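Below is one structure, written out as structure tokens, with a few remarks after it.
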Amino acid sequence: MTAAQFMSSDDIRAAFSAAMSAMYRAEVPAYGTLLSLVAEVNARTLAKNPSLRASLAATGTLDRVSEERHGAIRLGTDAELAMMRRVFAVMGMVPVGYYDLSEAGVPVHSTAFRPVGDAALRQNPFRVFTSLLRLDLIEDAALREEARETLATRRIFSDAVIALVEKAEAEGGLDADDATRFIAEVLDTFRWHEQASVERGLYARFHDAHRLVADVVSFKGPHINHLTPRTLDIDAVQGMMPGHGIAPKAVIEGPPARNCPILLRQTSFKALEESVSFPDADGSFHVGSHTARFGEIEQRGIALTPKGRSLYDSLLNEARAHVRPAPDGSNADEYRAALEDAFKGFPDDWDEIRRRGLGYFAYSLAYNDGRLVPAEGGDLEAMLVAGIVRFDPIVYEDFLPVSAAGIFQSNLGDGAGQDFVASPNQKRFEQALGATVLNEFDHYASIEKASIARCMARLETAGSLG
Ligand code: OOG
Ligand code: NI
């Protein structure tokens, strides 16, 4: 088979993302409500804000916004994670970043599978925040062993998925028919199972150890636990949610509202209480309930350089040292004020962010009408001043550990917080994964660099012609 006959991995990912969205919409109706609120707010925001529209257009990211979303899953074993990596690879998604959540009382560590190339991101930036349960953090050795045994017997991928992954790896891709089957089969892996795979006593013991343990170990597969559309104005959507029967968490995670959005702001609504049946030894079923699946929205801002990121981290810590957001939302206003106060220390002007080396930017020619302009001695700054070159923020495609912890916590219920000794273990995670994770900073830096090189090349051609 030639490459031309393969469905591109970008097309497979886009189709998969759409199929996931349709499935989640049918399973969790509030997600559908969020999608319409986000679409409405995004259209309104773009209409009111021509410079935002121009900037998204200049970076080729305007069209992707309405189709953009991320999901999250939680896996139980090394083998599941390793196979999941191969499944996502068929869709052009690779592991980027390492997130240690143990520090925040959640017994998992995680990565995000996502596309990385400029063109791939432009076509469809679907990402999946993927966590691996840390059984080593469960104190009770007997329970830990029961969890391990339960997980060892489940098969989350169908034989067909495995065969199609092997075929794609051996042949270099999948044709349209195979890709269609692949999407349907992988979708099944992420489906919700109303029947638990353990009896209710064991579920209760897992639940007592940590809610997350029960969620990962007691079911046949890693049900998708949320899908998150991207909004261009998170405060507006947050404000509309209660009027549409959705109660968001009190505090938006991440930086405060700003003129120049940085990194990522997120808010979620509480997990649904869903009815679940637990098998008994005698073959009958007991009805109980489980909370796992929720909804989330996010607003994405500029990707920060290591320098910008450490400024962000220190300002966030400063705010949280003053006021720690309470799970019940009782000090939400106080926290918001502390956050706004701390972030006065982060410039809120694109050119200042750029000049101080805090964020990554994409550079492009300001005129796209074929006009020829000479390169002013090849100096980027001079050409920016002359208005020949423009710069636009590169969007942050990744996640934030403190925010992720807040999203986990809000959906585990109050009082679910538990202390673990912080124990990041990226090596151990990468062993399980069977690959190293990509460093996000290197990646943004290379996108910025390539955009400058592209500008210079075009200007030089123009210069030598003119
Ligand atoms: C993942 C929570 C993290 C985000 O957007 O930060 C996350 C989970 O609850 O499994 O999705
Ligand atoms: Ni999320």
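Numbers here simply count residues along the sequence, with the first being 1. Keep in mind the model is a prediction, meaning the values are calculated, not measured.
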Nearest heavy-atom pair of Glu253 and Val402: which atoms, and what distance?
OE1-O, 4.1 Å

Using side-chain heavy atoms (C-beta onward) and a distance below 4.5 Å, is Leu34 in contact with Glu296?
no

Does the side chain of Trp192 reach to within under 4.5 Å of the side chain of Ile224, using non-hydrogen atoms?
no

Over all atoms of both residues, closest heavy-atom pair of Leu304 and Tyr360
O-CE1, 3.3 Å

Is there side-chain contact between Val385 and Glu381, with heavy atoms separated by less than 4.5 Å?
no

What closest approach, in Å, do Val87 and Val165 show between heavy atoms, and which atom pair accounts for it?
CG2-CG2, 3.8 Å

Please identify which of these residues, Arg114, Arg127, Arg300, meets the side chain to side chain donor-acceptor pair (under 3.5 Å) condition with Glu397.
Arg127

Once rounded to the nearest 0.5 Å, what's the spacing between atom CG of Leu35 and atom CD of Glu40?
13.0 Å

Are Arg74 and Asn225 close enough that some pair of their side-chain heavy atoms sits under 4.5 Å apart?
yes

Will you find, in the side chains of Arg69 and Ser17, an N or O donor that is under 3.5 Å from an N or O acceptor?
yes

Over-ring placement of Arg85 relative to Phe113, 6.0 Å and 45° cut-offs:
no

Say you draw a straight line from CG of Leu400 to CD of Glu298; how long is it, rounded to the nearest 0.5 Å?
10.0 Å

Given Asp11 and Gln123, is the side-chain hydrogen bond (donor to acceptor under 3.5 Å, both in side chains) satisfied, shown in steps?
CA-CA 8 Å; Asp11 286 338; Gln123 184 172 342; 2.6 Å; yes

Check Asn124 against Pro115 and note the closest heavy-atom contact, atom names and distance.
O-CG, 3.5 Å

Correct closest heavy-atom pair for Val96 and Val437 would be C-CB, 4.5 Å

Selection residues 313-354 - residue pairs positive for ring pair (Phe, Tyr, Trp, His ring centres under 6.0 Å), sequence neighbours left out
Tyr312-Phe343

Verify the distance criterion only: is there a donor paired with an acceptor across the side chains of Thr267 and Gln238 at less than 3.5 Å?
yes

If only side-chain N and O atoms count, and only distance matters, is there a donor-acceptor pair under 3.5 Å linking Asp392 with Thr59?
no

Would you call Arg53 and Leu56 a side-chain contact if the rule is heavy atoms closer than 4.5 Å?
no

Between Phe129 and Tyr99 (judged by ring centroids, cut-off 6.0 Å), do the two rings come close enough to count as a pair?
yes

Between Asp100 and Ser102, is there a side-chain donor-acceptor contact under 3.5 Å, judged purely by atom types and distance?
yes

Using 0.5 Å steps for rounding, measure from the CG atom of Asp177 to the CE atom of Met7.
10.5 Å

Taking the side chain as C-beta and beyond, is there a heavy-atom pair between Thr305 and Phe441 under 4.5 Å?
no

Interatomic spacing from CG in Asp341 to CZ in Arg336 - rounded to 0.5 Å:
14.5 Å

Show the nearest heavy-atom pair for residues Glu448 and Gly359, with the distance to one decimal.
OE2-O, 4.0 Å

Taking atom CZ of Arg25 as the centre, report whether more than 12 heavy atoms of other residues, nucleotides or ligands fall under 6.0 Å from it.
no

Can you find a heavy atom in the side chain of Val108 that is under 4.5 Å from one in the side chain of Leu137?
no

Do Gln266 and Ser403 have side-chain atoms, one donor and one acceptor, less than 3.5 Å apart?
no

Show your reasoning for whether side-chain hydrogen bond (donor to acceptor under 3.5 Å, both in side chains) applies to Ser66 and Asn42.
CA-CA 8 Å; Ser66 59; Asn42 287 1; over 6 Å; no

Got a second to check how far Phe361's CZ is from Ile447's CD1, nearest 0.5 Å?
14.0 Å

Among Arg230, Arg265, Met241, the one residue meeting side chain to side chain contact (heavy atoms under 4.5 Å, CB included) with Ile297
Met241

Would you mind reporting whether Met93 and Arg13 have side-chain heavy atoms less than 4.5 Å apart?
yes

State yes or no: are the ring centers of Tyr24 and Tyr31 separated by less than 6.0 Å?
yes

Counting the benzene-type ring for Trp, do Tyr98 and His109 have ring centres under 6.0 Å apart?
yes

Tell me which pairs pass ring pair (Phe, Tyr, Trp, His ring centres under 6.0 Å) where either residue lies in residues 39-79, with sequence neighbours left out.
His70-His226, His70-Phe399

When rounded to the nearest 0.5 angstrom, what distance separates OG in Ser9 from CZ in Phe88?
13.5 Å

Pair Ser330, Asp328: side-chain N/O donor-acceptor within cut-off below 3.5 Å
yes

